[in-house]
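The structure appears below as structure tokens.
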Amino acid sequence: MSTETSAAAITELKKKDATTPAPMPTNPDIETVEFDTPIVRGDMTISEVNINKPKTGALRGLSLSDLLKLDVDTVIKLVPRVSTPPLAEHEVAALDPTDFLSLSTAVVGFFASKEQREKARQEAESAKTEASHTA
């Protein structure tokens with residue numbers, strides 16, 4: 001390979017790197033939930049929230065069996081402890097049912113193994129891709 005060819009190759013690689021940002025790594029301990037019906041808090045509109053994997057302290061005073069059964073009262077108490085931005089209990093209680101279910105399944109999903117969560121994520125992505133091709 002000549003010096004000119006390698007210089008041209010390096011220049012081409014730099015162009016690619018400058019135009020194509022590297023994908024952000026996904027954190028397996030954070031699940032982002034997008035709301036169908038955003039929360040309006042004063043002048044702020046919250047259209048998505050990050051759900052952080054609950055630590056043991058966030059589960060204090062809650063029944064794990066109730067949480068795994070998606071008990072509404074239990075989820076309403078837990079979400080403010082693990083959401084970013086933090087949601088108030090009254091905001092969680094006032095959510096649209098589809099948004100509440102999305103939050104609930106995101107929280108409960110952390111109780112599955114990493115392999116099970118990755119498999120579920122891949123299946124969801126496949127379903128989204130398939131749905132977009134048929135639409």
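Contact record, Glu34 with Asp99: O-OD1, 4.2 Å, taken as the closest heavy-atom pair. Across every non-hydrogen atom of Glu48 and Pro85, the tightest pair is O-CD, 4.2 Å. Counting all heavy atoms, side chain and backbone alike, Pro80 lies closest to Ala88 at CG-C, 4.0 Å. Asp71 approaches Thr74 most closely through the heavy-atom pair OD2-OG1, 2.8 Å.
From Thr84, atom OG1 reaches atom CG of Asn52 across 4.0 Å, with rounding to the nearest 0.5 Å. Taken from CG in Asp36 to OG in Ser47, the straight-line distance is 11.0 Å, to the nearest 0.5 Å. A distance of 4.5 Å separates CD1 of Ile51 from CG of Leu103, quoted to the nearest 0.5 Å. Atom OG of residue Ser102 and atom CG of residue Leu95 lie 9.5 Å apart, to the nearest 0.5 angstrom. Remark: Asp66 CG to Asp73 CG distance equals 9.0 Å, nearest 0.5 Å. Note: Phe111 CZ to Leu67 CG = 5.0 Å, rounded to the nearest 0.5 Å.
No side-chain heavy atom of Val49 sits under 4.5 Å from any side-chain heavy atom of Glu91.
Under a hydrophobic clustering in which Ile, Leu, Val, Met, Phe, Trp and Tyr are joined whenever their side-chain heavy atoms come within less than 4.5 Å, directly or via other members, Ile30 and Leu78 fall into different clusters. Phe100 and Val40 are assigned to two separate hydrophobic clusters, defined by single-linkage of ILVMFWY side chains at heavy-atom distances under 4.5 Å.
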- Message: Let's go through Val82 and Phe110 carefully: what are the C-alpha distance in whole Å and the side-chain angles of both, what is the deciding distance for side chain to side chain contact (heavy atoms under 4.5 Å, CB included) to 0.1 Å, and is it a yes or a no?
- Response: CA-CA 12 Å; Val82 297; Phe110 288 117; over 6 Å; no

- I would like to know whether Phe35 and Asp96 meet side chain to side chain contact (heavy atoms under 4.5 Å, CB included); could you show each step before the answer? CA-CA 9 Å; Phe35 295 135; Asp96 181 271; over 6 Å; no

- Message: Please evaluate residues Leu87 and Ile46 with respect to the criterion side chain to side chain contact (heavy atoms under 4.5 Å, CB included), reporting the C-alpha separation (whole Å), side-chain torsions for both, the decisive distance (0.1 Å), and the verdict.
- Response: CA-CA 10 Å; Leu87 301 178; Ile46 302 170; 4.1 Å; yes

